[in-house]
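All remarks here apply to the structure that follows.
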Amino acid sequence: MKILSFKLGGHVSFGPKVKKEEAVWDVLAIQNELQVLPSFSSSIVDGIALGFDFVEQIRKLVEAAEKSDRANSFKREFTVIEWLSPIPRTPKNIMCIGKNYDEHAKEMGAEAAPTDLMVFTKSPTAIAADGQTISIHADLSSKMDYEGELAVVIGKRGKNIPKNLAYDYVFGYTIANDLTARDLQEKHKQFFLGKSLDGTCPLGPYLVTKDEIPNPQDLTVVTKVNDEVRQNGSTKDMMFTVESLVSILSQHVTLEPGDVILTGTPAGVGKGMNPPQFLKAGDTVKVSIQGIGTLVNHFE
């Protein structure tokens with residue numbers, strides 16, 4: 001199931017993409033008007049905590065709408081909605097993995113990729129949506145860079161999760177662009193400020209449930225800047241796999257439903273080019289991941 005969050009006329013909602021249509025089912029409107037279920041979460045993060053029971057609830061709501069005599073009244077065309085991040089607000093900072101692809105580690109100046117997990121975080125206030133125009137923060141940075149990544153969305157609270165059970169704690173996947181102010185990163189000798197400027201963590205367009213992506217370690221990751229391919233990698237080249245990341249992180253931090261883990265970026269970032277090529281006002285960045293879609297953002 002491909003789930004998206006949106007706003008329409010001041011109304012914030014979410015729902016699955018309508019099959020073969022450029023529209024979304026407004027499941028909150030369906031529940032409110034048809035009273036299909038005894039109760040239904042109005043927050044997508046609260047719903048995710050129910051695991052695949054949440055997916056089944058959504059399916060029941062859609063089936064009820066389709067059987068009603070006004071199915072179209074519950075559909076919201078993509079052309080009229082304001083897209084939101086699939087997870088509008090994470091429970092804690094977004095957890096990010098650095099240098100998880102060997103070639104990216106080398107282009108960033110490392111002789112070899114880290115042998116231990118390299119972790120940093122981004123503030124939840126950095127979250128942005130598909131289609132959103134994002135500031136390059138020219139008043140603070142002249143070296144804004146892109147990083148296309150697979151993002152993992154946690155679906156169940158867990159601590160000290162065994163690696164062989166890690167996927168039980170995953171709800172699904174989305175696309176992230178881990179935008180980075182390289183000069184702030186260098187100036188402050190740490191990652192948080194350079195990674196957390198407003199809008200520098202666009203997520204989307206969809207949250208795809210894990211049943212649709214049985215092997216997250218075999219997905220293409222392609223990033224284009226103004227239609228020029230800059231990154232063309234595969235998640236099979238991750239040094240720490242999704243199940244390893246979930247397991248290791250949970251040894252140190254209790255994972256919660258709605259938590260987001262960015263799994264690292266392949267080679268091809270602007271800083272790694274010769275000469276470096278950073279984002280500028282007027283640029284458009286598209287990050288595409290097989291089975292999920294394309295995350296598009298414009299910069300000003």
Side-chain angles (χ1 to χ4, degrees), residues 1 3 5 14 39-58 84-100 114-128 147 149-178 180 190-196 200-204 206-211 213-214 216-217 235 238-265 292:
M1 183 178 289
I3 303 170
S5 297
F14 57 87
S39 64
F40 183 68
S41 300
S42 60
S43 160
I44 191 167
V45 172
D46 289 343
I48 285 171
L50 300 174
F52 267 66
D53 286 345
F54 182 52
V55 176
E56 288 305 312
Q57 288 179 343
I58 291 174
L84 302 176
S85 164
I87 306 295
R89 177 89 183 196
T90 51
K92 61 172 71 70
N93 281 5
I94 299 110
M95 292 167 279
C96 311
I97 309 303
K99 299 178 181 178
N100 198 22
T115 55
D116 294 313
L117 207 60
M118 180 179 179
V119 184
F120 58 91
T121 68
K122 296 172 80 83
S123 169
T125 55
I127 291 174
E147 294 188 7
E149 309 195 14
L150 175 69
V152 178
V153 178
I154 296 298
K156 186 167 65 171
R157 183 181 177 90
K159 177 74 172 174
N160 294 320
I161 300 167
K163 182 178 176 180
N164 65 330
L165 297 179
Y167 287 128
D168 291 347
Y169 292 80
V170 172
F171 183 83
Y173 306 92
T174 189
I175 302 171
N177 187 348
D178 177 18
T180 306
Q190 48 77 50
F191 288 13
F192 186 71
L193 294 182
K195 294 281 189 177
S196 294
T200 55
C201 190
L203 299 170
Y206 304 105
L207 168 55
V208 179
T209 52
K210 65 182 177 182
D211 58 307
I213 302 179
Q217 302 307 148
T235 57
M238 286 182 189
M239 283 164 291
F240 293 93
T241 63
V242 169
E243 60 183 358
S244 294
L245 295 177
V246 170
S247 178
I248 296 170
L249 285 171
S250 75
Q251 294 171 22
H252 303 83
V253 179
T254 298
L255 299 182
E256 301 172 287
D259 277 344
V260 172
I261 302 168
L262 307 194
T263 59
T265 197
I292 301 177

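All values derive from a computational prediction rather than experimental measurement.
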Using 0.5 Å steps for rounding, measure from the [atom1] atom of [X] to the [atom2] atom of [Y].
X	Y	atom1	atom2	answer
I48	D53	CD1	CG	13.5 Å
I127	S85	CD1	OG	5.0 Å
L245	N100	CG	CG	5.5 Å
T235	Q217	OG1	CD	5.0 Å

Between [Y] and [X], is there a side-chain heavy-atom distance shorter than 4.5 Å?
X	Y	result
I94	T121	no
V55	D211	no
K122	N93	no
I154	V246	yes
M95	L262	no
C201	N177	no
I175	L150	no
T174	Y206	no

For the residue pair [X] and [Y], what are the closest heavy atoms and their distance?
X	Y	value
L203	P86	O-CD, 3.4 Å
G158	Y169	CA-CE2, 3.7 Å
I161	S247	O-OG, 2.7 Å

Looking at residues at least two apart in the chain, or sitting in another chain, which of them share a ring-ring contact (aromatic ring centres under 6.0 Å, His included) with [X]?
X	answer
F54	F14, F40
F52	F171
F120	F191

Give a yes-or-no answer on whether the side chains of S41 and D46 include a donor-acceptor pair shorter than 3.5 Å. no
For residues T125 and S123, is any side-chain donor paired with an opposing acceptor at under 3.5 Å? yes
Residues that [X] engages under side-chain hydrogen bond (donor to acceptor under 3.5 Å, both in side chains), provided they are two or more places apart:
X	result
S250	none
T241	S244
K156	none
E56	R59

Yes or no on side-chain contact (heavy atoms from CB on, under 4.5 Å) for Q57 and L50, after CA distance, side-chain angles and deciding distance? CA-CA 10 Å; Q57 288 179 343; L50 300 174; 3.8 Å; yes
With a 3.5 Å cut-off and sequence neighbours excluded, list the donor-acceptor pairs that the side chains of residues 251-261 form with protein atoms.
{"unit_1": "H252", "atom_1": "ND1", "unit_2": "I248", "atom_2": "O", "d": "3.0"}
{"unit_1": "E256", "atom_1": "OE1", "unit_2": "K92", "atom_2": "NZ", "d": "2.8"}
{"unit_1": "D259", "atom_1": "OD1", "unit_2": "K92", "atom_2": "NZ", "d": "3.4"}
{"unit_1": "D259", "atom_1": "OD2", "unit_2": "K92", "atom_2": "NZ", "d": "2.6"}
{"unit_1": "D259", "atom_1": "OD2", "unit_2": "E256", "atom_2": "N", "d": "2.7"}

Would you confirm whether K163, through its side chain, and E243, through its main-chain N or O, come within 3.5 Å as a donor-acceptor pair?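 Pair absent, no side-chain N/O of K163 close to backbone of E243.
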Main-chain N/O of F192 paired with Q190 side-chain donor or acceptor, under 3.5 Å: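 Here the side-chain-to-backbone pair exists.
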Across all chains, not counting sequence neighbours, the salt bridge (Lys or Arg N to Asp or Glu O under 4.0 Å) partners of K195 are E147, D178
